[in-house]
J.: 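Please see the structure below; I have some questions.
Please read all numbers here as calculations on a predicted model, not as lab measurements.
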Amino acid sequence: MIVRTTAEITGTEREVADPKGNWVSKRIVLGGDHVGFSFHETTINAGSVNEFHYANHVEAVWLVEGEGTLLDRETGETYPLAPGTMYLLNGHERHTVTATTQMRMLCVFNPPVVGTEVHDENGVYPLVTVPAPSGRHATENA
């Protein structure tokens, strides 16, 4: 069993900030936890425009707080974002998230990220191999 709080993640290597200052991601579950996905709480600042492209991952996003828009750069279609909205990037779509107000979202990635990834110039996370479990609990968590 894994139990974590965002309070204990804050200020650790599991809290990753955008170099431009547009967002902060708290990586609650990572690849090293060996559960097959990663789970993040991401806060995007009001007024920011953010281009992403998860070429190596499928991402599901549930918006908990705030409002904005999601632009599918593949089709040009725009979707309103508000609390209770979910979007799933199952086709590795290039997308832009524009935050009208501060947004807080819960995100699931598959395959899981390991926590060291940073977006490249195209908004892509590299595919980083999750290290195999080792030590006393390796067979329990595999």
Side-chain angles (χ1 to χ4, degrees), residues 1-135 137-138 140-142:
M1 178 182 299
I2 298 171
V3 177
R4 293 191 178 108
T5 67
T6 53
E8 68 190 63
I9 290 167
T10 301
T12 72
E13 69 282 348
R14 286 179 177 261
E15 182 178 49
V16 177
D18 171 37
K20 297 177 187 175
N22 288 347
W23 53 262
V24 173
S25 177
K26 294 182 181 182
R27 279 93 186 263
I28 300 161
V29 176
L30 289 170
D33 293 318
H34 301 286
V35 295
F37 63 90
S38 58
F39 181 72
H40 314 188
E41 177 191 64
T42 300
T43 303
I44 298 181
N45 292 330
S48 66
V49 178
N50 306 274
E51 292 190 357
F52 302 111
H53 176 214
Y54 298 113
N56 302 307
H57 301 83
V58 171
E59 182 192 28
V61 177
W62 180 261
L63 186 62
V64 178
E65 295 173 1
E67 295 182 351
T69 58
L70 170 69
L71 168 65
D72 180 339
R73 294 197 319 262
E74 308 289 330
T75 67
E77 193 162 357
T78 301
Y79 303 89
L81 297 176
T85 304
M86 187 282 301
Y87 62 90
L88 177 65
L89 302 162
N90 59 326
H92 307 286
E93 295 85 356
R94 298 173 198 277
H95 60 289
T96 302
V97 176
T98 302
T100 306
T101 63
Q102 179 177 289
M103 298 193 307
R104 188 169 63 91
M105 38 192 49
L106 304 176
C107 311
V108 176
F109 284 85
N110 188 17
V113 301
V114 300
T116 59
E117 297 87 347
V118 293
H119 292 97
D120 69 13
E121 66 279 358
N122 298 309
V124 176
Y125 279 153
L127 186 58
V128 179
T129 303
V130 176
S134 62
H137 299 288
E140 294 173 13
N141 295 327

J.: State whether D33 and R27 are salt-bridged, where the test is any N-O pair (Lys NZ or Arg NE/NH1/NH2 against Asp/Glu carboxylate O) under 4.0 Å.
T.: no
J.: For N45, give me all partners under side chain to side chain donor-acceptor pair (under 3.5 Å), at least two apart in sequence or on another chain.
T.: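 None.
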J.: Donor-acceptor check, side chain of D72 to backbone of G76, threshold 3.5 angstrom: yes or no?
T.: no
J.: Under 3.5 Å, is there a donor on one side chain and an acceptor on the other for T96 and R73?
T.: yes
J.: So do Y79 and T69 actually touch side chain to side chain, heavy atoms under 4.5 Å?
T.: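 No, too far: nothing below the 4.5 Å cut-off.
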J.: Could you name each residue pair satisfying side-chain hydrogen bond (donor to acceptor under 3.5 Å, both in side chains) that touches residues 102-111, not counting sequence neighbours?
T.: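 Checked against side-chain hydrogen bond (donor to acceptor under 3.5 Å, both in side chains) - neighbours excluded - the pairs reaching residues 102-111 are E41-R104, E65-R104.
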J.: Is there a donor-acceptor pair under 3.5 Å between the side chain of E74 and the backbone N or O of R94?
T.: yes
J.: For a 4.5 angstrom cut-off between non-hydrogen side-chain atoms, does L106 reach V61?
T.: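 Contact flag for L106/V61 side chains = no.
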J.: With E8, which residues qualify under salt bridge (Lys or Arg N to Asp or Glu O under 4.0 Å), at least two apart?
T.: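 For E8 there are no salt bridge (Lys or Arg N to Asp or Glu O under 4.0 Å) partners, ignoring immediate neighbours.
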J.: Side chain to side chain contact (heavy atoms under 4.5 Å, CB included) for V24 and E15? Distances and angles first, verdict last.
T.: CA-CA 7 Å; V24 173; E15 182 178 49; 3.6 Å; yes
J.: Return the orientation label for the Y54 and H57 ring planes: parallel under 30°, perpendicular over 60°, tilted otherwise.
T.: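 Because their plane-to-plane angle is over 60°, the rings of Y54 and H57 count as perpendicular.
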J.: Using ring centroids (six-membered ring only for Trp), state whether H40 and F109 fall under 6.0 Å.
T.: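 Aromatic pair counts; centres sit under 6.0 Å.
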